[in-house]
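Chain letters run A, B, ... following the sequence lines, proteins first, then strands; residues in each count from 1. Because the structure is predicted, anything quoted here is derived from the model rather than measured. Side chains included, hydrogens not; waters and symmetry mates left out as well; all remaining heavy atoms used.
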2 protein chains.
Amino acid sequence: MPTLKTTPKRGRPQTLDRDAVLKIALTSYWTGGPTRVAISHICKEADVSKPSLYREFGSDDGLKAAVLDLYSELVLGPFHNILTSNEGFAQQIEALIAFTVQDRKSLGIPSGCLQVAMRAHREDLGEVTGNKVDMLRSQTLRYYEAWIERAKSCGEFKADIPTQAAALFCDAQNGGAMRMQKEGIPNEIIKQTLTHAFSTFA
Amino acid sequence: MPTLKTTPKRGRPQTLDRDAVLKIALTSYWTGGPTRVAISHICKEADVSKPSLYREFGSDDGLKAAVLDLYSELVLGPFHNILTSNEGFAQQIEALIAFTVQDRKSLGIPSGCLQVAMRAHREDLGEVTGNKVDMLRSQTLRYYEAWIERAKSCGEFKADIPTQAAALFCDAQNGGAMRMQKEGIPNEIIKQTLTHAFSTFA
DNA sequence: ATAATTTCGTAACTAACGGTACGATATGAG
DNA sequence: CTCATATCGTACCGTTAGTTACGAAATTAT
């Protein structure tokens with residue numbers, strides 16, 4: 001329930017804009033790393049006091065979990081949609097690569113992937129966020145597996161590799177690409193590695 | 001100069017064993033993550049006082065840099081040796097995979113790769129260690145590139161991909177494998193992904 | 001022995017950061 | 001107008017971890 005205004009009339013009206021804070025926090029974590037951005041920094045950026053932020057999200061962990069939910073909706077969802085689309089396998093691969101190497105700067109989107117970053121810092125996250133990271137990871141792998149199984153049954157999948165391993169392979173390619181992008185390696189080069197990696201499938 | 005005892009006679013004899021501390025620190029960082037293990041924890045494990053450790057390594061950053069040097073010598077060196085060996089390309093690939101998926105537990109070696117972990121936490125490391133991580137990364141990429149160039153000129157390299165991208169691809173495969181291993185994914189499955197990934201080369 | 005020298009380790013310092021106590025403030029209800 | 005209610009934000013707390021001040025201890029040179 002992102003912005004369900006239950007409009008409780010009583011008491012001092014809330015000035016904190018949950019969605020605005022979430023968006024700022026998302027950008028901060030995405031850009032600076034989920035474990036490197038301090039709560040107080042987000043408070044300054046969003047121009048809210050620490051107690052206000054804690055009132056809304058409960059804790060550091062709560063804020064990060066909420067941010068990850070937003071990220072999942074904004075980024076992971078569209079990515080999964082490619083895997084479940086009705087296009088042909090080869091076109092899906094092309095779409096996945098295009099999605100991954102799209103120019104972020106011109107779109108005002110940070111480089112890299114927050115989910116990948118959170119996985120790298122899994123042990124430094126709170127319980128709620130950490131579990132959510134695990135769930136999303138599993139979910140992504142399941143999407144890959146279903147996608148690959150479908151391609152196999154359609155005869156579009158040319159490689160001889162178990163589905164589970166193939167899904168992990170896909171995930172590793174994507175993770176590697178996101179890491180490279182974050183390091184500043186040109187999308188052109190990243191695209192070459194992805195194209196090569198997925199050329200084994202179709 | 002790891003253990004060059006210059007034997008300075010004067011003063012209280014040193015009880016701190018640099019190499020022993022380094023080995024313990026290496027295991028701690030490798031197992032628990034380079035940014036999650038506190039100096040005081042290593043002091044307890046090695047049974048040395050904090051000032052003793054600081055006297056020897058200067059700082060957190062200095063200790064980590066020394067540990068990374070040791071890791072480079074123990075692990076990265078042998079890995080690079082495979083890339084410069086005189087074996088055939090296909091056998092080198094096989095050796096790389098075998099090296100990566102060797103059973104760590106039975107050898108008493110921690111899972112994953114310290115260099116990969118340090119790259120993931122690059123921003124949390126000190127200046128000296130951070131720069132060393134970058135240097136080792138570049139070095140590894142250069143080894144891959146030379147290896148690939150050699151295979152290309154021998155006609156053993158079958159894929160149509162620029163050398164730079166191919167090197168990054170290799171590095172991404174290895175990094176992905178190390179990350180999976182750290183997560184507890186069976187080496188059997190990891191081997192399937194690596195075999196598939198490198199099957200595109202030879 | 002005594003002095004010079006070098007290392008040892010306890011105990012404290014410091015900075016950063018997650019989290020909160022509490023009084024002020026703003027609104028609706030009576 | 002006054003009370004109940006809910007949010008606001010300053011200032012503070014507590015923990016953790018890197019770092020160091022300093023006096024004790026151990027050894028060689030004179």
Side-chain angles (χ1 to χ4, degrees), chain A residues 3-22 24-25 28-29 32-68 118 121 123-130, chain B residues 3-21 24-25 28-29 32-67 118 121 123-130:
Chain A
T3 326
L4 258 184
K5 303 283 186 186
T6 44
T7 10
K9 299 295 185 186
R10 206 59 168 278
R12 180 171 177 168
Q14 188 170 37
T15 57
L16 179 145
D17 182 343
R18 180 184 173 97
D19 288 355
V21 172
L22 274 179
I24 287 171
S28 292
Y29 288 140
T35 60
R36 289 185 54 80
V37 178
I39 293 264
S40 54
H41 177 260
I42 291 172
C43 288
K44 273 174 209 148
E45 291 246 319
D47 194 35
V48 293
S49 68
K50 260 200 286 189
S52 285
L53 192 144
Y54 275 86
R55 236 170 275 127
E56 185 65 32
F57 299 102
S59 66
D60 179 76
D61 193 19
L63 172 62
K64 280 175 181 146
V67 166
L68 184 50
M118 283 193 171
H121 294 254
E123 301 301 322
D124 298 313
L125 298 173
E127 196 188 344
V128 180
T129 309
Chain B
T3 326
L4 260 185
K5 303 283 186 186
T6 45
T7 11
K9 299 295 184 185
R10 205 61 168 278
R12 180 171 177 168
Q14 188 170 37
T15 57
L16 179 144
D17 182 342
R18 180 185 173 95
D19 288 356
V21 172
I24 288 172
S28 292
Y29 288 141
T35 60
R36 288 185 56 78
V37 178
I39 294 264
S40 55
H41 177 260
I42 291 172
C43 288
K44 272 174 210 148
E45 292 245 318
D47 194 36
V48 293
S49 69
K50 267 202 278 191
S52 285
L53 193 146
Y54 273 86
R55 236 170 276 126
E56 185 65 31
F57 298 102
S59 67
D60 179 76
D61 193 19
L63 172 62
K64 280 174 181 148
V67 165
M118 283 192 172
H121 294 254
E123 301 301 321
D124 297 313
L125 298 173
E127 196 189 343
V128 181
T129 309

Using every non-hydrogen atom in the two residues, find where A:I42 and A:A25 come nearest and quote the distance to one decimal. CD1-CB, 3.9 Å
Do you know which two heavy atoms are closest between B:A65 and B:T129, and how far apart they sit? N-OG1, 3.2 Å
Summary of protein contacts for nucleotides 23-30 of chain D, nucleotide by nucleotide, where a base hit scores B, a sugar-phosphate-only hit scores S (4.0 Å, heavy atoms): -BBBBBS-
Within the structure, does a side-chain N or O atom of A:T15 lie under 4.0 Å from either OP1 or OP2 of D:dC8? yes
Between A:K64 and A:P34, is there a donor-acceptor pair closer than 3.5 Å when you use the side chain of the first and the backbone of the second? yes
Rounded to the nearest 0.5 angstrom, the CD1-NZ distance for A:I39 and A:K50 is 8.0 Å
For B:L16 versus B:V21, what's the shortest heavy-atom pair and its separation? CG-CG2, 4.2 Å
Which residues in residues 50-61 of chain A have at least one heavy atom lying under 4.0 Å from any atom of DNA chain C? A:K50, A:P51, A:Y54, A:S59, A:D60
Starting at CZ of A:R18 and ending at P of D:dT7, how long is that distance when rounded to a whole Å? 13 Å
B:L125 to B:G130 - nearest heavy-atom pair and separation: CB-N, 4.2 Å
Considering all heavy atoms of both residues, which atom of A:A66 and which atom of A:L22 are nearest to each other, and what is their separation? CB-CD2, 3.6 Å
Nearest-Å distance for atom pair CG/P, residues A:D17 and D:dT7: 15 Å
B:I42 CD1 - D:dA17 P separation (whole Å): 12 Å
Nucleotide C:dT6, atom C1' - distance to CG of B:L16 in whole Å: 14 Å
Whole-Å distance between D:dG9 C1' and A:I39 CD1? 16 Å
If you take all heavy atoms of A:D60 and A:Y54, which pair is closest and at what distance? N-CE2, 4.2 Å
In whole angstrom, what separates A:K44's NZ from D:dT10's C1'? 14 Å
